[in-house]
Every structure is written in structure tokens, then in C-alpha cells.
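What follows is one structure encoded as C-alpha cells, with my remarks underneath.
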Protein chains: 2
Amino acid sequence: MVTLAEVARHAGVSASTVSYVLSGKRSISAGTRQRVEQSIRELGYHPNAGARALAGSRSNIIALMVPLRTDMYVPVMMEIAIAVATTARTHGYDVLLLTGEEGPDAVRRVTGSGLADAMILMDVELEDERLPLLRQTGRPSVLIGLPADTTGLTCVDLDFTAAGALCVEHLAALGHRDIAVIGEAPAVYERHTGFAERTLDGLRTRARELGVRLLHRPCEGGYDAMAATLARVFDERPATTGFVVQNESAIEPLLALLRRQGRAVPEDVSVVAVCPEQVATQASVRLTAVSIPARQMGRYAVEHLVAKLDGRGTDEVVLIAPELTRRASSGPAATRTPPPTGKS
Amino acid sequence: MVTLAEVARHAGVSASTVSYVLSGKRSISAGTRQRVEQSIRELGYHPNAGARALAGSRSNIIALMVPLRTDMYVPVMMEIAIAVATTARTHGYDVLLLTGEEGPDAVRRVTGSGLADAMILMDVELEDERLPLLRQTGRPSVLIGLPADTTGLTCVDLDFTAAGALCVEHLAALGHRDIAVIGEAPAVYERHTGFAERTLDGLRTRARELGVRLLHRPCEGGYDAMAATLARVFDERPATTGFVVQNESAIEPLLALLRRQGRAVPEDVSVVAVCPEQVATQASVRLTAVSIPARQMGRYAVEHLVAKLDGRGTDEVVLIAPELTRRASSGPAATRTPPPTGKS
DNA sequence: AAAAATCGTCGAAGCGCTTCGACGACCCAT
DNA sequence: ATGGGTCGTCGAAGCGCTTCGACGATTTTT
């Protein structure tokens, strides 16, 4: 391994000069700088990360804690993670991948050891165990998601409450009076995941305001679960003509089942989804949907964090305004009685 | 931050003793050990990662390079990444997340700076630019995937050639003589991704041996692309009764289109997929499939790497034997003429 | 013309840890 | 009893970098 000292010798300067060339923290004459840079290139020098971290007491690493579970939309997580990694690189940071498995211990370990300068937490629960620790450590952090108490924390998330409201508004404007909400798996609600509850809040509040009946049903992914859920929905509310789906793995099953039952989308039934854009456009019916801006969230998180690390940051909650894109899955409510029941 | 020295003072021993308690590299009397451990706990001591890396010249970090692209099956990547992260933790390593974006430079940077002790590369191309560098650096590495030349490299992957063969065998045994292969997006083949080409090899070779006709069509994900591809397939080979799908985002569209055309699965047409188990079981028809053992691959990769880091490792290529699970999507070929053409 | 400020560079201290050699204390065989 | 081993502990020397203060050499100010 080439060291700073070797570069210095090669360039005929002292070690500290090389260091200053690298960091730009003191002015260096153009000639010297060029000679040093030349030596760095010739020798293929890379500063040793450990030594840097030790001497500078910053590791230039951001820790990213992703959920371990895979009962929620995985591509969103992946997209966020990739956005975080690429954005971090543009600011000179690397990303350490932590899984939720270790829980609060990971926070202690990573901040305690100085492994990372800052943290990004995904899949934050309303009363998350990691938050008290995070507040304590004093290391900069950004949550992707929204806990119950945000004092002293920086959070970035889609405004799911507004997203829920938007979905109801859209359907109500089209004349739908009975709306079913197909939600995430029950487990997601049981552990009080913020985004799921907030969407529901938004849906319910606006539904009440607009005089729309709402039926919420959590649903495991997949075909069979969706079939059972759908049967229950129509059993309980036969007049249902609008669906809001917030569960990636229920979307395609729902569409297929509706088709099979002879309920046409959007003629008989309208479907609105809360999902990444890619899913909405690739579904068997192009879906009217509020998209989840995964990439944007990842980028945002990193940029806030970097700002904090540079001493410019503030604690704030950034809620990204939802956008509903009309596609082929929603239309005016039929004025006739609910559509024929299919063979199901 | 609590330091080693403070722990030492608190426990009434020297710093080196604390270090030896931590590493276990020299014997320590039970009494001393307990006193030190007690102090560590009381003070909430975490060894400083940078100092450790510097003094010990190992960072206890494994770099994982994931593909930036999202034109291939993302959940598989995510599952591998999570398996890597959790397995690494059980061996005392953390994982640094790199995206393919930086390319070979990332390899140089990470190994040059000693940021990571070892690397795992995903999405390896047949002639991957990163490989020469990897061989040079001498740092342990494991590839998930298989390049053209594996000398001096350790690789872990599903035996996609065997997987392809297995699919053909299964369909041939059921009496199918005309098989269509729905592949990944064209871009995947254009960049010579190993697993796609190897699957194709396996399919073709066994098809030739068994006297089965094979038609391969790359396919972008989604409904429309699949519709176009399917039309071309039946146009060119009307007698097609077997499908092999290696493209997660084409599966559900294919099933829906077949249904719409009045081709029953598995009565008229059999479908075999190469995909993660979760996808196979959650599809609208439970799919006969060769599953992609993502978790196993991630675990394997880390364990090989750790073995190498401990000086026990060897360079070898581990191909995981594919397993085909029969589910509801494949059955005997109809003896009658190809099924009716639907409204499409 | 002298004093003050600025610039470019250097030497040295130290970040917190690992690890090597040393050194008593103790146990065994002779 | 005496020499040779272990065993448990310690001190000190770095690992490669950052950063502070110092110091000539210029440049600016008065």
C-alpha cells in the first residue's frame, strides 16, 4: 500500500503538505499542488480509510438501516437504498448497510464505534425503539418514515395522509360512494407502521368529510388471500364500486379477480393504487395511482444528512406532496345497480 | 467517547490487557477478564472502528456491489443483499453498499483505501471490467454470478445451465414438443449477463438432445411488451404448448394473456418459470418453477469470504444444483391440435 | 523604511488501537 | 534446591493520517 509519506517523498514535500493538497484546508501554491497530484496519480495512492477516520474523527460513512422483513414492497426499499448509495457517493460518503435485525443495538454499535458519521433509518414505526437512542447519541440522522413523536428528529416521507385523502377525493369526484381499501398485510398494521396508518387516516377523514362509505381490509399478498378478502368485501358492501389498494402484491390478484367476476375496470369498478410508478404502469390495467417517490426520498435523506454534517442542517419534517396520476383504472361510477356477480 | 485507556484505568489494568480481553489472542486470568468486561459494560465502551482498522489493518467490512439497474428481478437482489448483511454480522463483519455505477473505480477505491477487507460482486458480466482489478488487488472476493473466465476467482451461483435443462426436460417429459422461452429484457442479453446466457445454453442443448423445438424471445417487463411478444410467438410457432419464463415482470402478464386468449394453464399450455419461490407461489397460477435460492447464495458468498479472510478459503466455483418444483402450471401436453385461438 | 499581515510550507503531536518483546510469578522436572 | 517452562500482565512502538503552531519569505500597510 502506498502511504501519504511515500507520496510526500516522491513529490519532495512534507506529509502535511500532501494532506493539505488533499483536503484543501490550507492554500498551496499551484506548482506544489500539481507536483503532489502528479505523484498521487503515478503512485496510485489512496488515503487509508482507517487512518483518516482515526485522525479526522469522521469516517465518511453513512449507515443505512433497511427493514429485514419482506412483507412490504421490496422494490421501493431497494430503490431508496440505491438512491441513498448513489447520492451519498456524490457527496463523498459511502453507505453501510444495516438490517433492522440488530435493532437498537446496531445504533449503539455504529455510533459508539464511530463506524458511521450519520444514520438513515427506514421503516420507522410509530413508537420506534431506536429513536430515544438516536436522539441521545447526537449523531445526525434522517428517518425515512414518520414516527409518532418527531421532536428533535429529521424525517422525510411521502405525505401519506394527503395521499389517502387524494385517493378518496378522486373516487368521490367520479361519483363513487362505496369504497373498499385493500391494505397491507395485517402484520404491518399490528406493528403500527406509520405510513400504513397515516394513509388510512387520510382516507377515513376525507371519506367522512365527503360522505363516502369506507371499508378497510388488510390483506396478505397473493392470489388466495386477495380472493378471500374480495369475497368478504362484496359480501359486506355489495355496492362497492371503488377500490384503493396499498399493497403491491395484492394489485394484480385484485385486477384478475375482478376480471374473472365480470366486473370491468374502470366501467364497473374503479381502482386507485398507492404504489411506485413502475408498478402502476406495468400492471395489466394501467393504474390510476399515487406514486411513491422512492428515489426522491433517498436523495433527500442523504442531502439533509450531508447538510447536517456540514453544520448547515436543521431538524425538520419534510412531507412530499403526493401526486395522483390518472390512468386507465378509474372512471365515473356506473349509475346502474352494482355489476353482475361473476361465477365466483 | 469512551476509550480503551479509560476502560483500562477503570479496571485497574493496562491497555494491552483490555485489548487482549477483547481479542482473546492471549490468555487472561478469569478474574481480570471479568473485571475488564465489567468495566466495559459499565462505561458502555465500543472500540473505535477507525483505530482498529488502522492498528489491525483490517476493517471488518465487506463491500457488496449491487447492480444499479433495475431491469432485472429486484427482490432477488434485495434478498441476496439482506442475506449478505445478516450473515456478515454473525461473523462480525459489516457490509458496505456499493452500486455498480462507479464500476471498476469502486474496486480500486475500496481496496486501495482499506475500507473493506473483501468484496462481493453481484450481477457479474461474462467479460466484467472489474475482474482484472480484483485478481490484482489480492483481496478476497466472491462473485455472485459466473464470468467467462473464472481462474483465480471464487464464484457462487445457481447452476442456470442445469436449470435450463431441467425446464426443458420437465416439459419434454410431459410431451411438449414446441417450447417458447420468454427471457429477460433484450438489454440483459446485450450486455452478456452470465445467468441469462447460461440458462439459454442449458435450454438449447437439452432441447436439441431431446428433439424439442425451442423459440427464444427476450421480453421487456409489463403487459404490453408481453402481449406483443406472445403474438409473435404464436405467429411463428402456432404449435407452442410449453413456456419457460425467466423474467419476473413477464410472468403475470403472460398468465393473464393466455387466460384471455382462452388457453388454459395447464390444460392447453404449460408454463415453467425460473424465479424466486415467493413469486412462483404467489402468481395467479401456482407455478411449476426452478427457484432462485437468493438467500442461500448470499449466505454462501459471505461464508466463503470469511473462510478466505481466516486463511482457510479456496478459489472455487460453487454451482448450486437447481430444483424444479412441480406446481399447478404444468401438465401433459394435449394430444389434440393446439388450443383454440382466443379473441386476440 | 519599518511594522504588520499574509502565504506556503514544515515538524511534531496525537487520534485509539494492536502487537511484540519483556518480565515477574509460578509450577514442574531434575 | 535449581534451571526451564508456562502463564498473565505490562510498556512501548507503531499503524497512516490530520491539524496546530511555527517560521521564513513575500506582500501590504502605515
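Throughout, a chain's letter reflects where its sequence line sits, starting with A, and its residues are numbered from 1.
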Is the shortest side-chain heavy-atom distance between B:Met119 and B:Met65 below 4.5 Å?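 SC-SC contact between B:Met119 and B:Met65 confirmed.
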
[X] versus [Y], closest heavy-atom pair with distance:
| X | Y | value |
| --- | --- | --- |
| A:Pro147 | A:Leu153 | CG-CD1, 4.2 Å |
| A:Val66 | A:Met122 | CG1-SD, 3.8 Å |
| A:Val124 | A:Leu121 | CG2-O, 3.7 Å |

Applying ring pair (Phe, Tyr, Trp, His ring centres under 6.0 Å), name anything that partners A:Tyr20, two or more places apart in sequence or on another chain.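 Ring pair (Phe, Tyr, Trp, His ring centres under 6.0 Å) list for A:Tyr20, sorted by chain: empty.
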
What's the spacing between A:Asp117 CG and A:Lys308 NZ if we round to 0.5 Å?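 Reported value, rounded in 0.5 Å steps: 13.5 Å.
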
For B:Arg135, is there an ion pair with B:Asp149 - N to carboxylate O distance below 4.0 angstrom?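 Answer for the salt bridge query: yes.
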
Interface limits on DNA chain D, where chain A has a heavy atom under 4.0 Å of a nucleotide atom: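 Boundary nucleotides touching chain A, in 5' to 3' order, are D:dG16 to D:dA22.
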
Across the strands shown, which category fits A:Ser57 at heavy-atom distances under 4.0 angstrom: base, sugar-phosphate, nothing? nothing

Between the two ends of the helix from C:dA1-D:dT30 to C:dC27-D:dG4, what is the bend in degrees, rounded to 10 degrees, where each end axis spans five pairs? 40°

List for me each residue that meets side chain to side chain contact (heavy atoms under 4.5 Å, CB included) alongside B:Thr90, sequence neighbours excluded, and say none if there are none. B:Thr87

For DNA chain D, find the residues of residues 21-37 of chain A with a heavy-atom distance under 4.0 Å and give them by number; none if there aren't any.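 A:Lys25, A:Arg26 - these, ordered by number, are the residues of the stretch whose heavy atoms sit under 4.0 Å from the strand.
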
Test B:Leu309 against B:His91 for side-chain contact (heavy atoms from CB on, under 4.5 Å), laying out the working first. CA-CA 11 Å; B:Leu309 287 166; B:His91 293 276; over 6 Å; no

If each of B:Leu54 and B:Val18 is mapped to the nucleotide of DNA chain D with the nearest heavy atom, which maps nearer the 5' terminus, i.e. the 5' end?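 Going by which nucleotide is closer to the 5' end, it is B:Val18.
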
More 5' along DNA chain D: B:Ala51 or B:Ser14, using each one's nearest nucleotide? B:Ser14

Let me know, please, whether B:Tyr20 or B:Ala55 comes out on the 5' side of the other along DNA chain C by nearest nucleotide.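 So the residue in question is B:Ala55.
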
Partners passing salt bridge (charged side-chain N to carboxylate O under 4.0 Å, His left out) against A:Arg299 (at least two apart in sequence or in another chain): none

